[in-house]
Amino acid sequence: MKVCKFGGSSVADAKQVTKIIDIVLADADRRIVVVSAPGKRDKTDTKVTDLLIQCAEEALAGKCTEDTLARIIGRYAEIQRDLNLPESVVAEIEQDLRDRLAGDTSHHGMFLDGMKAAGEDNAAKIVAQAFQTRGANAVYVSPREAGMLLTDDFGNAQLLDESYPQLANALKGRKGLVIFPGFFGYTKGGAVATFPRGGSDITGSILAAAVKADVYENFTDVDSVYPVDPRLVPEVKRGITEMTYREMRELSYAGFGVFHDEAVIPAVKAAIPINVRNTNRPSEPGTMIVQTRKAESGGVVGIASDDGFCNIFVDKYMMNREVGFGRKLLQILEEEGVSYEHMPSGIDNISVVIRDRNFSEACEARVRDRILNDLKPDNVLIERGYALVMVVGEGLYYTVGMAAKATAALSAANVNIEMMNQGSSEISMMFGVKSCDRTKAVNALYGAFFG
Ligand code: ASP
């Protein structure tokens, strides 16, 4: 059995929905279909999820929501019209959205999640109808009915493990196709909760693990996972044919947008291979993500990069003798609710790399004061405007001289390395550079490892 997930661009309009139906009906093993909310139809378009967030925020601010609501309904109405589905479909969607908007706004996160989930929920309902009009035996299954239980971290929820047997019971052995909305589930208290953004990938992976699928097919709008972001290195042509779960997780966490980093975990635990494929070119084999692969010596699988990092640099003579220095520094961040990404250190200094967006100016001032007061350093420097570049590959573990190759390439491109860190798994190397050097750095590393 195969579980297939289709991303927002695959549900963006009627033409794309037709492709989903063709793909699924072409293979009798494709039995569970997870869908995202309609995404962008072109570069200037807005995703339905973003419109839903806008609509919820307008409601919370006491503003009129009618214009935004009309835009959301319009997206579904276009699909209904172009697929010749009954008009009642749109009336039901409108009612659903109005019911959600009229819900309790006292808990903002809960209200927001209820609205956000409407994107996937209504997409699954309309896609199920579209399958039925093609004569397929397809039913919409709600995450509530299937027992998809999540923690109550609204907007950032995680699966409760007790969901697995419930999901297996609800989905295994069914006749016909299941059309399941991605991105959300329910808390034990019965409220809607969503995964982080892009979380329909997580739903697909969970369902694949629950039913012990032979493969989890993740359909998106690229032929495969590319070793580097084609927007930064346009000459990249060849995609990755096979990579390991660890490589995918490292790369997606470090900026590869094609697959959600948290979606790797359920598939790993159940040892389900993941196949990233293109809805627009279903004949392409895509990228297989598997437990192990034969890593050729020196094999770098990909280079990821992301912008928007901040570096907290703390310097103190004889830091090496001060037991608990690192813990106290991290505790300050923990008490501010800031999580860190990397922590390269030297004898007398330590850097903590965090994401800019989790670190407001006010928070920065409090952290600086506490470091100065509690840790009595010689120097604290907090600098924004960093990019991180990650070189990832199982082959790094086996090969001598990989860091030298990377640093030589960066130096030849005149990129100053601000920080360096090798992941303990030894399948990744991190380089911190100034944001303005990001593209140059990625191109230089691509040239060194793939040129
Ligand atoms: N629709 C949600 C988002 O835009 C989830 C997803 O597409 O996976 O984040």
Side-chain angles (χ1 to χ4, degrees), residues 3-13 16-17 19-20 32-57 68 71-73 75-76 79 93 96-97 100 109 111-127 140 142-143 148 150 153-159 179-186 192-208 216-222 225 248-249 252-253 255-267 274 276-280 306 357:
V3 171
C4 313
K5 179 258 166 178
F6 292 88
S9 58
S10 310
V11 200
D13 58 23
Q16 294 302 92
V17 173
K19 289 181 189 169
I20 296 184
I32 297 179
V33 178
V34 176
V35 293
S36 286
K40 295 182 179 193
R41 288 160 294 186
D42 55 56
K43 281 207 177 83
T44 59
D45 203 8
T46 309
K47 291 178 174 189
V48 163
T49 308
D50 290 320
L51 291 174
L52 286 161
I53 293 171
Q54 186 183 322
C55 192
E57 281 169 352
T68 316
R71 286 178 69 191
I72 301 166
I73 298 166
R75 292 294 307 271
Y76 292 100
I79 298 174
I93 292 176
D96 171 70
L97 291 166
R100 290 174 197 256
F111 176 73
L112 203 65
D113 273 13
M115 286 297 289
K116 277 153 75 185
E120 274 59 18
D121 207 26
N122 288 307
K125 287 179 184 164
I126 207 165
V127 168
Y140 155 85
S142 128
M148 172 84 94
L150 307 191
D153 303 307
F154 295 100
N156 197 25
Q158 287 186 321
L159 185 80
I179 317 296
F180 199 97
F183 192 38
F184 74 96
Y186 288 83
V192 174
T194 67
F195 291 120
R197 290 298 304 269
S200 298
D201 283 347
I202 307 175
T203 306
S205 185
I206 289 168
L207 298 193
Y216 168 32
E217 292 183 317
N218 191 284
F219 283 90
T220 172
D221 53 5
V222 287
V225 179
M248 187 70 231
R249 185 157 150 74
S252 46
Y253 188 69
F256 268 35
V258 78
F259 193 70
H260 200 292
D261 63 292
E262 289 186 22
V264 178
I265 300 146
I274 303 166
V276 176
R277 310 184 64 149
N278 192 349
T279 303
N280 305 314
D306 208 359
R357 62 166 185 260

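For ligands, and for the atoms within them, numbers begin at 1 and follow the listed sequence.
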Worksheet item: Taking it one step at a time, do Met148 and Phe180 satisfy side chain to side chain contact (heavy atoms under 4.5 Å, CB included)?
Response: CA-CA 11 Å; Met148 172 84 94; Phe180 199 97; 3.9 Å; yes
Discussion item. Just to verify, which of Asn218, Asp221, Val276 counts as forming a side-chain contact (heavy atoms from CB on, under 4.5 Å) with Val258?
Written reply: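 It is Val276, the one option of Asn218, Asp221, Val276 that forms the side-chain contact (heavy atoms from CB on, under 4.5 Å) with Val258.
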Discussion item. Does the plane of the ring in Tyr216 sit parallel, tilted or perpendicular to the ring in Phe259? Use 30° and 60° as the thresholds.
Written reply: tilted
Worksheet, complete the sentence: Out of Lys47, Glu120, Lys116, Lys5, the nearest non-hydrogen contact to atom 2 (C) of ligand 1 is supplied by Glu120
Response to the item:
Under 4.0 Å between heavy atoms, the region of Ser36 that gets near ligand 1 turns out to be side chain
Under a heavy-atom criterion of less than 4.0 Å, does [X] contact ligand 1?
| X | answer |
| --- | --- |
| Gly198 | yes |
| Gly8 | no |
| His260 | no |

Worksheet item: What protein heavy atom sits nearest atom 6 (C) of ligand 1, and how far off is it?
Response: Ser200 OG, 3.4 Å
Worksheet item: Which heavy atom of the protein is the closest neighbour of atom 3 (C) of ligand 1, given with residue, atom name and distance?
Response: Arg197 NE, 3.3 Å
Discussion item. Between Arg75 and Asp45, does any side-chain N to carboxylate O distance fall below 4.0 Å?
Written reply: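 A salt bridge links Arg75 with Asp45.
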Item to complete: May I ask you to test the Phe219-Lys19 pair for a side-chain heavy-atom distance under 4.5 Å?
Response: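 A side-chain contact is absent here, since even the closest heavy-atom pair is not under 4.5 Å.
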Worksheet item: Between Tyr76 and Pro38, what is the shortest heavy-atom contact and its length?
Response: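 Heavy-atom minimum between the residues: OH-CD, 3.6 Å.
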